[in-house]
Amino acid sequence: MPFALIDCNNFYVSCERVFQPKLNGKPVVVLSNNDGCIISRSNEAKALGVRMCAPWFKMEKLAKQNGIVAFSSNYTLYDDMSKRFMSILSTFAPRQEIYSIDESFLDLEVIEPHSLVAYGQKIRKTVLRSLGLPVCVGIADTKTLAKLANYCAKMELVGEDGVCDFGQLNDAERSALFASISVREVWGVGRRISEGLLAMRIKTIEDLRTANLKRIRSQFSIVLERTVQELNGISCIQMEEVAKPRQQIIVSRSFGTMITGLDDLSESIAYFTSRAAEKLRQDGSVAASISVYIYTNAFKEDAPQYTGSTIVQLNQPSDDTMELVDAAIKGLKEIYRSGFHYKKSGVVLMGLQSKGSIQATLFDDIDKQTKSDNMMRTLDAINQKMGKGSVTLAAAGLKHRWAMRNERQSPNYTTDWSELLIVE
DNA sequence: TCTGGGGTCCTAGGACCC
DNA sequence: TCTGGGGTCCTAGGACCC
């Protein structure tokens, strides 16, 4: 029962290139929030030795020498492109699991085994033609293998034109292929686990596939045991068509400049909490508690370091921005210490539950609750219509001295009429 | 000067109870 | 008073992912 994994090549870079085709064939990178480090690279940038997660300030010289074009990340654009991508894919299979912003599993059970490769090609061509994004397709009997087949397609190890179907390989071919790839490339095997595996002399994917299951279970966990099963074609990880409701909502940022005062920190916390509360209401959820944290810059080893964090319980689960901000500021005051240069702060909404499931009796003051709901609905409606952050709490401030840098951001081509691409 | 942000799941260990 | 085992629930931290 074959799964396909479709993954966009260098997704963020490819999104930028759709609107600036002259960048095709050129080295391009996209930077993280705050223009901190590199999170997406074109193949040409990879060929120049630009590493994933490399700090941008260390790469600027190389960039200048080689004409690397850098963009600040534009999540509004990427999210919109992602929605279009997922919508196209949904027409190719009865069941789809959206796995990340640029990856999706499809259930290809209904496709004849001998025509899977051609079907994969059709998916590729359709996405490229209608959206301009290059993708690779991996096809196999389990999700773990489909991820691996996708990797093989991307690296051009087997398959052709960006499609790899493991069903086309016989046992000997598969073993030889797996023996040539590091175990680190397996979905679910990260740095620590690969180190542990190495100590057991398990280096390649073939080593892991043929490893003793009981030993894997006892030395590691049931998770890795399932991975080994999946490498052997036994499907243990099912498709999840309906996204589970989120368990927590995090909003955090590094600051564009160091800040020291409680006022600036309070502004940032109020602002982040407002954003988190918006997401919470979009999900139709309420939070039972909120965690607040602040960091100094760990990279500045000679500067005094401090991290503070705390969790504030709400009187009752809430989705009201003002209540959440009050709680967050209370938490911040507990953990704030003067005399430090702060680099980052953040909030986490926790204990999320569906608003509908909260018993009416919990809302002891119905009147107050209705007022709050109306206020939040209005707030969200205005911000939706007029743009993010049009109406905010005074506590979130206007100066935003802590705001992140994003000096190289592209326009919101697809979501803002005033930023449409102009063809000259 | 300058080093991302947002998630999930599992496990171990402590608190508490019988 | 001490001793013991077993169960549940919660939380913190680790590991992983994109």
Side-chain angles (χ1 to χ4, degrees), chain A residues 5 7-12 29-41 51-61 63 70-75 78-79 82 97-105 143-144 147 150-151 183-197 217-227 236-237 240 243-259 272 275-276 279-280 283 288-289 291 293 295-301 303 307 309-311 313 341 343-352 404-408:
Chain A
L5 179 77
D7 183 316
C8 290
N9 305 348
N10 317 326
F11 180 59
Y12 298 166
V29 299
V30 172
L31 308 177
S32 63
N33 275 333
N34 223 19
D35 294 349
C37 56
I38 290 164
I39 53 171
S40 182
R41 306 161 296 158
R51 305 280 296 271
M52 187 69 169
C53 296
W56 173 238
F57 76 93
K58 283 189 183 173
M59 304 301 299
E60 274 180 298
K61 199 173 155 205
F71 289 93
S72 302
S73 36
N74 181 347
Y75 286 103
Y78 311 149
D79 281 336
S82 174
E97 173 184 341
I98 296 171
Y99 177 65
S100 76
I101 192 164
D102 72 332
E103 282 176 69
S104 177
F105 288 101
K143 287 167 77 175
T144 303
K147 288 275 286 185
N150 188 284
Y151 169 81
V183 76
R184 187 67 176 75
E185 302 302 334
V186 173
W187 188 32
V189 177
R191 188 175 53 85
R192 287 304 290 270
I193 290 179
S194 59
E195 280 170 14
L197 288 170
R217 174 78 174 91
S218 66
Q219 297 279 312
F220 298 92
S221 71
I222 191 169
V223 184
L224 195 62
E225 184 188 10
R226 278 200 288 258
T227 299
C236 308
I237 309 174
E240 286 173 27
K244 284 187 218 145
R246 275 188 286 201
Q247 313 280 306
Q248 55 182 25
I249 292 172
I250 303 177
V251 177
S252 76
R253 294 278 186 284
S254 296
F255 306 132
T257 55
M258 299 283 184
I259 63 179
F272 298 158
R275 288 288 304 131
K279 294 186 189 182
L280 186 68
D283 285 6
S289 59
S291 157
Y293 56 88
Y295 294 144
T296 50
N297 187 350
F299 286 96
K300 286 207 156 185
E301 284 167 18
T307 61
S309 78
T310 185
I311 299 176
Q313 302 289 333
H341 291 279
K343 179 62 185 161
K344 181 175 181 178
S345 73
V347 299
V348 188
L349 300 183
M350 297 182 303
L352 305 194
M404 64 182 191
R405 278 190 307 275
N406 59 345
E407 293 158 1
R408 303 159 172 274

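A, B, ... follow the sequence lines: proteins, then strands. Residue 1 opens every chain.
Contact between the side-chain N/O atoms of A:K343 and the OP1/OP2 oxygens of B:dT3 is found at a separation under 4.0 Å. A:K344 has a side-chain polar atom (N or O) that falls below the 4.0 Å cut-off from OP1 or OP2 of B:dG5. Put simply, A:S254 has no side-chain N or O that comes within less than 4.0 Å of OP1 or OP2 on B:dT3.
Atom CE in A:M258 sits about 11 Å away from atom P in B:dT1, given to the nearest Å. When rounded to the nearest whole Å, the span between CG of A:L5 and P of C:dC17 equals 14 Å. Put simply, CZ on A:F272 is 14 Å from P on B:dG4, counting in whole angstrom units. In this structure, CD of A:E185 is placed 14 Å from P of C:dC16, rounded to the nearest angstrom. The distance from atom OH of A:Y78 to atom P of C:dC18 is 19 Å, rounded to the nearest whole Å. Residue A:F57 contributes atom CZ, which lies 6 Å from atom C1' of B:dT3 at whole-angstrom precision. A straight line from CG of A:L224 to C1' of C:dG14 spans 15 Å, rounded to a whole angstrom. Rounded to whole Å, the distance from CG on A:D283 to P on B:dG6 is 14 Å.
Between A:Y295 and A:Y293, the ring planes lie tilted relative to each other; the angle falls in the 30° to 60° range.
We find the CG-CG distance between A:N74 and A:D79 to be 9.5 Å, quoted to the nearest 0.5 Å. One distance of note links NZ of A:K300 with NZ of A:K343; it measures 9.0 Å at 0.5 Å rounding. Once rounded to the nearest 0.5 Å, the distance linking CG of A:L197 with CD of A:Q219 reads 9.5 Å. In this structure, the separation between NZ on A:K279 and CG on A:L349 is 9.5 Å, given to the nearest 0.5 Å.
Between A:W56 and A:A63 the shortest heavy-atom distance is CH2-CB, 3.6 Å. Nearest heavy-atom pair, A:M52 versus A:I39, reported as atom, atom and distance to 0.1 Å: CE-O, 3.0 Å. Of all heavy-atom pairs spanning A:R41 and A:N10, the tightest one is O-CG, 3.1 Å. The heavy-atom pair separating A:T227 from A:W187 by the smallest distance is CG2-O, 4.0 Å.
Considering only the side chain of A:C53, B:dG4 comes nearest among B:dT3, B:dG4, C:dC17. Side-chain proximity of A:N33 to C:dC18, C:dC16, B:dG4: nearest is B:dG4. When each of B:dG4, B:dG5, C:dC18 is scored by its nearest atom to the side-chain atoms of A:S252, the top-ranked nucleotide is B:dG5. Taking only side-chain atoms of A:S100, from C-beta outward, the nucleotide of C:dA15, B:dG4, C:dC18 with the closest atom is C:dC18. With B:dG4, C:dC17, C:dC16 as the candidates, the nucleotide lying closest to the side chain of A:Y99 is C:dC17. Distance from the side chain of A:V251 is smallest for B:dG6 among the nucleotides B:dC2, B:dG6, B:dG5. Set against C:dC18, B:dT3, B:dG7, the side chain of A:I250 has B:dG7 as its closest nucleotide. Distances from the side chain of A:R246 to the nucleotides B:dT3, B:dG7, B:dG4 place B:dG7 closest. Among the nucleotides B:dT3, C:dC17, C:dC16, the one closest to any side-chain atom of A:W187 is C:dC17.
When each of A:E240 and A:M52 is assigned the nucleotide of DNA chain B with its nearest heavy atom, A:M52 is the one assigned upstream, toward the 5' end. Comparing A:R226 and A:F299 against DNA chain B, the residue whose closest nucleotide sits nearer the 5' end is A:F299.
Backbone-only engagement by A:I193 is indicated by non-hydrogen atom pairs under 4.0 Å involving sugar-phosphate atoms exclusively. Among the protein residues, A:V186 comes within range of the sugar-phosphate backbone only, with heavy atoms under 4.0 Å from sugar or phosphate atoms but none that close to a base. Within 4.0 Å of A:I222, counting heavy atoms only, lie sugar-phosphate atoms of the nucleic acid but no base atom. A:E103 comes within 4.0 angstrom of the backbone, heavy atoms only, and of no base. Backbone-only contact: A:D102 has heavy atoms under 4.0 Å from sugar-phosphate atoms and none from a base.
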Name each donor-acceptor pair under 3.5 Å that joins a side chain in residues 31-38 of chain A to protein atoms two or more places apart or in another chain, with its distance.
residue, atom, partner, partner atom, Å
A:S32, OG, A:G36, N, 3.4
A:S32, OG, A:C37, N, 2.9
A:S32, OG, A:C37, O, 3.4
A:N34, OD1, A:R405, N, 2.8
A:N34, ND2, A:F255, O, 3.2
A:D35, OD1, A:S72, OG, 2.7
A:D35, OD2, A:S72, OG, 3.4
A:D35, OD2, A:E407, N, 3.2

Check your understanding: Just by protein heavy atoms under 4.0 Å, how would nucleotides 8-13 of chain C read 5' to 3' in B, S and -?
Key -> ------
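Side-chain N or O atoms of A:S73 include none that pairs as donor or acceptor with a backbone N or O of A:Y75 at under 3.5 Å. The closest donor-acceptor contact from the side chain of A:S82 to the backbone of A:I101 lies under 3.5 Å.
When the C1' atom is used for both C:dG4 and B:dC16, the distance is 16 Å, rounded to whole Å.
Base-pairing analysis of DNA chain C finds the following stems of at least three consecutive Watson-Crick or G-U pairs, with both pairing distances under 3.5 Å: B:5-18 with C:5-18.
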